[in-house]
Structures are given as structure tokens and as C-alpha cells.
Amino acid sequence: MPTDLPIPSANASLPPAGEIGSETPVTDQTDLLGLTAAELGAWLSERGQPAYRARQLAGAIYHTLTSDFAAMSTLPAALRERLAHEARITGPTVRAEVISKDVRTRKLLLELSDGRLIETVLMLYPASAEGRARATVCVSTQVGCAYGCTFCATGQMGFERHLTAGEIVAQVLRFARDLRAHPWQAPDGQTLDHVTNLVFMGMGEPLHNYDNTLKALRILNMPEGLHIGARHMTVSTVGLVPGIRRLAEEDLQVNLAISLHAPNDELRLRTMPVTRKYPIADVLAACQAYVARTNRQVTFEYVLLAGVNDAPEHARELAALLAPLAHLGHVNLIPVNATAANYRPPSGEAIRLFRDILRAGGVSNSVRAERGDDIAAACGQLRTRVTQARGNAQSVGKKQAAHEAQQAQKAGGE
Ligand code: SAH
Ligand code: SF4
């Protein structure tokens, strides 16, 4: 989380928590954000509309960024009225917002239509040797997560439900509208008014919600929509082998990030229960197949936990494990974020030593920059704090409720 002062949300008083169940909310209206261009065309043609209407409607949603059917002036009035009855454009409610002082990292706590809460983050990066300025959105794919990694705030919540494709797309659209309304003036003078990159690194495990994640990837990638290049999208996974192998066959060149976090199964099992089902060797074999099929690189994420997986022998073991696969990609070291589980990041010196050992072993690596990535990696923390305050609030009365919720929102930015 950033250490900068948060900007408290206008929504200081919070509603009661949504009913807990595992079903996706049911409504008769079609969520247009969950439809591919072909599906949008079929939906309109079932209603007697010509084919070109799909392009017009997609243009209104993704290019003009309109969510109000009445304002879609390219469509005939009768169709606009029908859309208002039979369709919707999902728009989650912002319950809290944390913005870093330099305004380059913005984290939202969003409330879905059934009252559940998720987090979404926008990270703005100036141009660097690696390329142009970027506006990267970090999306959630589930409410909670079933995999229970011990260092992860989302993992500690347990699994609540999958997000629909429309709910995933809506997170990106929310920031697309923000950037359109308030373009970012990058330090090099460039103006950025649209989302350029996506990382599926928010709450939840994308490959556990495979179908909706894939559909969202296709919708966000389609030329009639936001048209974000597959090579600008990264799916991060805890290492679900069948999902990685399936993704390799999709003919969609997205980048893959693997949450490795340990150099051997025994140590990995201590923090990541999924290791029992998918040992490291199987995950690495799936990565090789992914690279062979897609030509994309894989990033291995390694959260550094002081006293757990950050010793020089761990670095040596990791180097030995990955050096033969050096052509697959590189290692991203992430000093752990403070969570309820009481982990600490290693000292700067321990991190440097770890990096040097990896490099000497032939494994290229980088340390994830403090600021924006840091806030994204810790997805789940803001929700945890606000939900805890809300739980307390219900038992101590309304006035106290507002106060605690406000404190939680502030704490979310510290
Ligand atoms: N479920 C997917 C994607 C969401 S988590 C996955 O596990 O890859 C995105 C990344 O944040 C993962 O690499 C995850 O291990 C990391 N992460 C989780 N909790 C963290 C914390 N407290 N500090 C730093 N990184 C964390
Ligand atoms: Fe789930 Fe990823 Fe968190 Fe593990 S790190 S609990 S897989 S969200």
C-alpha cells in the first residue's frame, strides 16, 4: 500500500454486507459488457436489428464510453428504449478510493450488484528505457479466493464467488472513463487518456474462473471494444496446470505470470496449499508448453518473506531450478506487503544478495518497484479493513459506524 495520504471517498457511510452465497446475481437484463462483438450482433439480430448496429452499440459503450442508453445518439430512439428495458451496462459502485500523493496509483473498493466488494487498481508509469508511458489496470476475477496462500489477504477471506465476464470488463471500463475525463500528463510531456495494459493480479485466481476470464480477455481485446493488445495483458496464476495448458491453446498471445514463491515443493507447501495438487515440476512443464505454443515469455513471481524463503540457499536453489529454463522468462522479486498473517519483507541487503545469487546463476530478475505494484500485490487488504470496520459498526451503532469506516478507508492507504 502507498504511504501517501489517501483521498477519502465521498461514500463514507457503508451499506450492510451483501448476503453470502456462491451464486452470481440473477437478473433478466442482459449485461452488454459480458458479450463479445459476435454475441452483441446476435443479440441485436434476435431483436430485428441490422448487423451494423452491433458496431454502433459497441462504439457507444467502448469508444464514446457511454453507459446511459438514452444518450446513445447514433442509435434509433426505439432501440434505445428497448435497450433500457432489456439490457444493462454493469457499473459497480465505488465504496472507497485510495490515491497516492503523486496520483500515479489509484485503488478502488467496488461494490457489486449483490453487495459484495472487490478491489481494482490503476497504475500509471512514465516512459522508460523499456517503452512508452503506460496506464495499467489490475483487475479482480473473483470475490475472495479458494487457494488460501498464507501471505495473501484475499486468500484469507476464502472463496465467495466468480466474477462474470461483464464484472471483469466493468473494472477496466471504470478506469477508461476516469482517464478519458482526466488524462494523465506523464513527466515526459505525453498525455495518456486510455488504458494501455492489463494485469489479472487483483483478487482471485483467474484460471479457477477460466471461462469468464477468457471471455473478458477476448472482449477487452476486440477491435470493436477497448482493443487492448493481448501482448499487453498478463494473467497471473497460482499454477493451475490444466488451466495453463488450456490457455496455451487459445490462440491469444497473453503474457503469463506464475506465482512460484519457493524453490522446492516442501517449502512452497508451507505457504501455498495448491502445491499438493500441482507440484513445481508440473507447473514448470506447463510453462514450457505455454512458451512453445504462444512464443510469449513467462514471469516467475517470487514474494520474498523474511525468514521463510529469502535465505541465500533459497536463492541458489531457485537459480538451479530456473537456469535451465532461462529462455522462458525472468524472475520478479516482490518484497511481501504487510498483511494480517504477520510476514515481513527482507532487508534491502538481503534482497540485493538474493538478486546477486540469482544473476550469478544465470537467472535474470528484477525487484518489483515499491509504489504501484506494491498496492496491487496487496489486493484484498483494503476490502479486509473496510469489511472488518463494517462488521464492528453493525454492533456499535451508526455514528461509530461512520467513524470506523472512515478510519478503515484511511488505513487502507497507509
Ligand atoms: N491468484 C493469482 C493472481 C492474484 S495474486 C496468483 O496468485 O498469481 C497476484 C500476485 O500478488 C501473486 O503473485 C500473489 O502471490 C501476490 N501477493 C499476494 N499477497 C501478497 C502480499 N501480501 N505481498 C506481495 N505480494 C502478494
Ligand atoms: Fe488466491 Fe493468488 Fe491470493 Fe493465492 S496469491 S490466495 S491464489 S489470490
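Both ligands and their constituent atoms are indexed starting at 1 by order of listing.
Checking side-chain atoms of Thr237 against main-chain N and O of Ile258 turns up no donor-acceptor pair under 3.5 Å. The closest donor-acceptor contact from the side chain of Lys215 to the backbone of Gly34 lies under 3.5 Å. At least one donor-acceptor pair closer than 3.5 Å links the side chain of Thr294 to the backbone N or O of Arg296. Side chain of Gln253 to backbone of Gly229: no donor-acceptor contact under 3.5 angstrom is found. Side-chain atoms of Arg106 never come within 3.5 Å of backbone atoms of Val121 as a donor-acceptor pair (strictly under, hydrogens ignored). Side chain of His261 to main chain of Glu301: a donor-acceptor pair is present (N/O by atom type, distance under 3.5 Å, no hydrogens or angles). The closest donor-acceptor contact from the side chain of His314 to the backbone of Ala311 lies under 3.5 Å.
Taking every non-hydrogen atom of Gly155 and a distance limit under 4.0 Å, the qualifying atoms of ligand 2 come out as 6 (S). Within ligand 2, counting atoms from 1 as listed, the ones closer than 4.0 Å to a heavy atom of Tyr147 are 7 (S). Below 4.0 Å from some heavy atom of Val336 lie the following atoms of ligand 1, by number and element: 21 (C), 22 (N), 23 (N). Proximity to Val238 (heavy-atom distance under 4.0 Å) selects the following atoms of ligand 2: 7 (S). Close approach to Gly202 involves these atoms of ligand 1, each under 4.0 Å from a residue heavy atom: 4 (C). Listed by number with element, the atoms of ligand 1 under 4.0 angstrom from any heavy atom of His261 are 13 (O), 14 (C), 15 (O). Of all atoms in ligand 1, numbered sequentially from 1 with element shown, those under 4.0 Å from a heavy atom of Thr237 are 6 (C), 8 (O). Within ligand 2, counting atoms from 1 as listed, the ones closer than 4.0 Å to a heavy atom of Gly148 are 6 (S). If you number the atoms of ligand 1 from 1 as listed, the ones under 4.0 Å from a heavy atom of Asn337 come out as 21 (C), 22 (N), 23 (N), 24 (C).
For ligand 1, one of its N or O atoms has an N or O atom of Gly204 under 3.5 Å away. Close N/O approach between Ser259 and ligand 1 is found [any backbone or side-chain N/O within under 3.5 Å]. Considering backbone and side-chain N/O of Pro335, none are found under 3.5 Å from N/O of ligand 1.
Applying side chain to side chain donor-acceptor pair (under 3.5 Å) to Gln142 and the options Arg161, Glu160, His162 leaves one that passes, His162. When Leu269, Asn264, Val238 are each tested for a side chain to side chain contact (heavy atoms under 4.5 Å, CB included) with Thr275, only one passes: Leu269.
The shortest non-hydrogen separation linking Ser140 to Ile168 is O-CG1, 3.8 Å.
In this structure, Ser259 falls outside the shell of residues with a heavy atom less than 4.0 angstrom from ligand 2. Distances shorter than 4.0 angstrom do not occur between any heavy atom of Ala257 and any atom of ligand 1.
The option from Ala146, Cys149, Cys152 that lies nearest to atom 19 (N) of ligand 1, judged by heavy atoms, is Cys152.
Here Met203 has no heavy atoms under 4.0 Å from ligand 1, in either its backbone or its side chain. Only the side chain of Glu301 comes within 4.0 Å of ligand 1, judged by heavy-atom distances.
Note that OG1 of Thr120 and CG of Leu173 are 11.5 Å apart. Values are rounded to the nearest 0.5 Å.
Here the heavy atom of the protein found nearest to atom 4 (Fe) of ligand 2 is Cys149 SG, 2.3 Å. Closest to atom 2 (Fe) of ligand 2 among all protein heavy atoms lies Gly204 O, 4.5 Å. Shortest contact from atom 1 (Fe) of ligand 2 to any protein heavy atom: Cys145 SG, 2.3 Å. For atom 3 (Fe) of ligand 2, the closest heavy atom belonging to the protein is Cys152 SG, 2.4 Å.
For an aromatic pair to be called close, the ring centres must be under 6.0 Å apart, and His208 with Tyr147 satisfies this.
In summary, the side chains of Thr191 and Gln185 do present a donor paired with an acceptor at a separation below 3.5 Å, with no hydrogens or angles considered.
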